[in-house]
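In what follows, a structure is listed as structure tokens, so that the remarks can point back to it.
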Amino acid sequence: MLDIRRIRTEPDAVKAALAKRGESAEKIDQLLQIDVDRRKLTTEVESLKAEQNRLGPEIAKKKRAGEDASELLARSTELKAAIAQREERQRELNEAQETQLAKLPNLPDDAVPAGGEEAAQVIRPESRPLREFDFEPKAHWDLGASLGLFDPERGARLAGSGFIVYTGIGARLERALIQFMLDLHTEKHGYTEIGLPFVLSRESITASGHIVKFGPEMYRDDEADLFFVPTAEPALVNLHRGEILEPGVLPLKYVAYTPCWRREAGAAGKDTRGLQRVHQFDKVEIFRYALPETSGDALEEMTAEACAVLDALELPYRLLLLAAGDIAFAAAKTVDVEVWSPGVNKWLEVSSASNCTDFQARRADIRFRREPGAKPEFPHLLNASGTALPRVVAALLETHQNADGTVTVPAALRPYLGGVERLGEGGAG
RNA sequence: GGAGAGGUCGCAUAGUGGUCUAGUGCGCCCGCCUCGAAAGCGGGUAACGGUGCAAGCCGUUCGUGGGUUCAAAUCCCACCCUCUCCGCCA
């Protein structure tokens, strides 16, 4: 949610920033007109209410004294009608403003290029040399089948196409990666681990703005009106919904593992083979509530923290600065981390790090005080995957595969796999 | 899921239609007193919105949303949450 006061005081800057995302200036002008009308009416309604409030005690006084209060009662009745009439219009204007405002995305950061997907900038090329194979590298779905790690066919039997069953060491690999990432972020990067509900109420999913962003993408329980989390992000936003954080508590740094459910409607057949795009996947999410002046640095740190996972797994990746038209609704700046998948022969997105500035905080009514008694301000909220699992698994299998069909486990992960050094060897499957 | 009790200012409580501008205690802040502190005394102690150069003024908020009334913390309806007991259950 943008600040209406900012739109009011610097409309041209707001228009220019939104133009980068392809939003028209017309919306801003409409909004400003509503705002003018709304405030005028608000002043009117409030002065009528003030008069009515003054009348109350006077009526009571007369009645107690046994005097005739009928004149005051008549005036009060008149005011009641006048207020009711204007309040209806006021409610309409409030709703209109709310609706319009809720439709406007966050203002992109100055550093963010204009344009869509094609305008993304590679801000860091491959982090390490891409592996040269002296044999034809297999795709992860073939490795998964031959090593008995995961089973899309049985997943489809259980829940439909796009659901995966992990088996044996494959299931353990998944669990190992989750634990490895959680440990890395809590022990090395100073995050506090949070165990979250995997479903959210309508209220929560609305406050975070995800009902707009994901809407029909989410699986849901209509009877209970609950939504399966499409990512841990909305849950972590709602953790402090409606709170005023006391001085000294910022920055808050949270890490959480959740499964993520996405219907991926309309994506069928496109880049979906194997683990590239599935309806349920595991993800470790890192999240910060930051002081506004530090959020730029925080985004860089979080991007680096996501990369640290890939470095430890000895996987090459690159960083993309997304263009304004391609970043999430609530984000001001987004950096994607893409890992190289030699079997699929593509860069696969495994993390998306976003600075949402005060946009989510305003919407979810999360504030903080710098000093005791200081005026509440909105913190900046940032999220990053740290990281999403299936594509990491894909890249890991493909990158570290050997000519004999086994896969070498990166050293950092071995302690989590009971010391196993190679998948597919010595009964490890 | 059933029955009952409850949700009021940071915390604890009072408040059953107009005198509530929500009282009191605790906590916290400021001042007085003191060499300093404690105690004591005095004052202060929210958020959001509107308006104003500002001081301020006005409005809204007593779990949430509706309703009754000239007037609602107070009456009515629905919902949410907490606690106790019962049922069910990994």
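Here is the naming used below: chain letters follow the sequence lines, and residue numbers restart at 1 for every chain. For clarity, every value in this text was computed on a predicted model and none was experimentally measured.
Of the N and O atoms on the side chains of A:Asn94 and A:Gln90, not one donor lies less than 3.5 Å from an acceptor on the other residue.
Look at A:Asp151 and A:Arg154 and you find a salt bridge, because one of the NZ, NE, NH1 or NH2 atoms lies within 4.0 Å of a carboxylate O, short of that distance. Ionic pairing of A:Glu305 and A:Arg288 is present here: one or more N-O contacts between side-chain nitrogen and carboxylate oxygen are shorter than 4.0 angstrom. A salt bridge does not link A:Arg91 with A:Glu88: none of the charged nitrogens is closer than 4.0 Å to a carboxylate oxygen.
Atom pair A:Lys63:NZ and B:U69:P shows a separation of 14 Å (rounding to whole Å applied). Summarising the geometry, the separation between CZ on A:Arg369 and C1' on B:A47 is reported as 8 Å, rounded to the nearest angstrom. Straight-line distance from the CG atom of A:Asp225 to the P atom of B:C80: 11 Å, rounded to whole Å. The interatomic distance linking A:Arg362 (CZ) with B:A47 (P) rounds to 17 Å, in whole Å. Regarding A:Glu243, its CD atom lies at a distance of 15 Å from the C1' atom of B:A47, rounded to whole Å. Atom pair A:Ile366:CD1 and B:A47:P shows a separation of 18 Å (rounding to whole Å applied). Spacing between atom CZ of A:Arg241 and atom P of B:U64 amounts to 14 Å, rounded to whole angstrom units. The CD atom of A:Glu223 sits 13 Å away from the C1' atom of B:G1 (whole-angstrom rounding).
Pair assignment for B:U13 gives B:G23, based on Watson-Crick or G-U wobble hydrogen-bonding distances that are each under 3.5 Å. Nucleotide B:A47 forms a pair with B:U60, judged by Watson-Crick or G-U wobble geometry with both contacts under 3.5 Å. B:G18: Watson-Crick or G-U partner is B:C70, with both key distances under 3.5 Å. Nucleotide B:A54 forms a pair with no other nucleotide shown, judged by Watson-Crick or G-U wobble geometry with both contacts under 3.5 Å. Across all strands shown, B:G2 is found opposite B:C85 as a Watson-Crick or G-U wobble partner, with both distances under 3.5 Å. Of all nucleotides present, only B:G31 satisfies the Watson-Crick or G-U wobble test against B:C41, with each distance under 3.5 Å. Base pairing of B:G65: its partner is B:C77, meeting the Watson-Crick or G-U wobble criterion (both donor-acceptor distances under 3.5 Å).
Set against B:C48, B:G18, B:A71, the side chain of A:Gln52 has B:A71 as its closest nucleotide.
Distance check on atom P: B:G66 versus B:A72 gives 14 Å, rounded to whole Å. B:C62 and B:A14 have their C1' atoms separated by 13 Å, with the value rounded to a whole Å. A gap of 7 Å separates the P atoms of B:U61 and B:A73, to the nearest Å. Separating the P atom of B:C29 from that of B:A38 is a span of 10 Å, rounded to the nearest Å. B:A3 sits 15 Å from B:G87 when the P atoms are compared, rounded to a whole Å. Comparing the P positions of B:U82 and B:C76 gives a spacing of 24 Å, expressed to the nearest Å. Here, B:G49 and B:A90 have their C1' atoms 49 Å apart, quoted to the whole Å. Rounded to whole Å, the P atom of B:U16 lies 14 Å from the corresponding atom of B:G6.
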For this session: Let me have a per-nucleotide readout for nucleotides 49-62 of chain B, 5' to 3', with B, S or -, counting only protein heavy atoms under 4.0 Å.
Result: BSS------BSS--
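Residues satisfying the salt bridge (charged side-chain N to carboxylate O under 4.0 Å, His left out) test with A:Glu78, not counting sequence neighbours, are A:Arg75. Shown here are the side chain to side chain donor-acceptor pair (under 3.5 Å) partners of A:Arg362, two or more places apart in sequence or in another chain: A:Asp358. Annotation: side chain to side chain donor-acceptor pair (under 3.5 Å) contacts of A:Tyr166 (sequence neighbours excluded): none. Residues satisfying the salt bridge (charged side-chain N to carboxylate O under 4.0 Å, His left out) test with A:Lys15, not counting sequence neighbours, are A:Asp29.
Between A:Lys61 and B:U19 there is no side-chain N or O to OP1 or OP2 distance below 4.0 Å.
Listed by first then second residue, pairs satisfying ring-ring contact (aromatic ring centres under 6.0 Å, His included) with a partner in residues 218-242 of chain A read A:Phe228-A:Trp261, A:His240-A:Tyr254, A:His240-A:Tyr289, not counting sequence neighbours.
Using a 4.0 Å heavy-atom distance criterion, A:Arg75 is classed as making no nucleic acid contact.
Residues A:Ile244 and A:Ile59 each lie close to RNA chain B; by heavy-atom proximity, the contact nearer the 5' end of the strand is made by A:Ile244.
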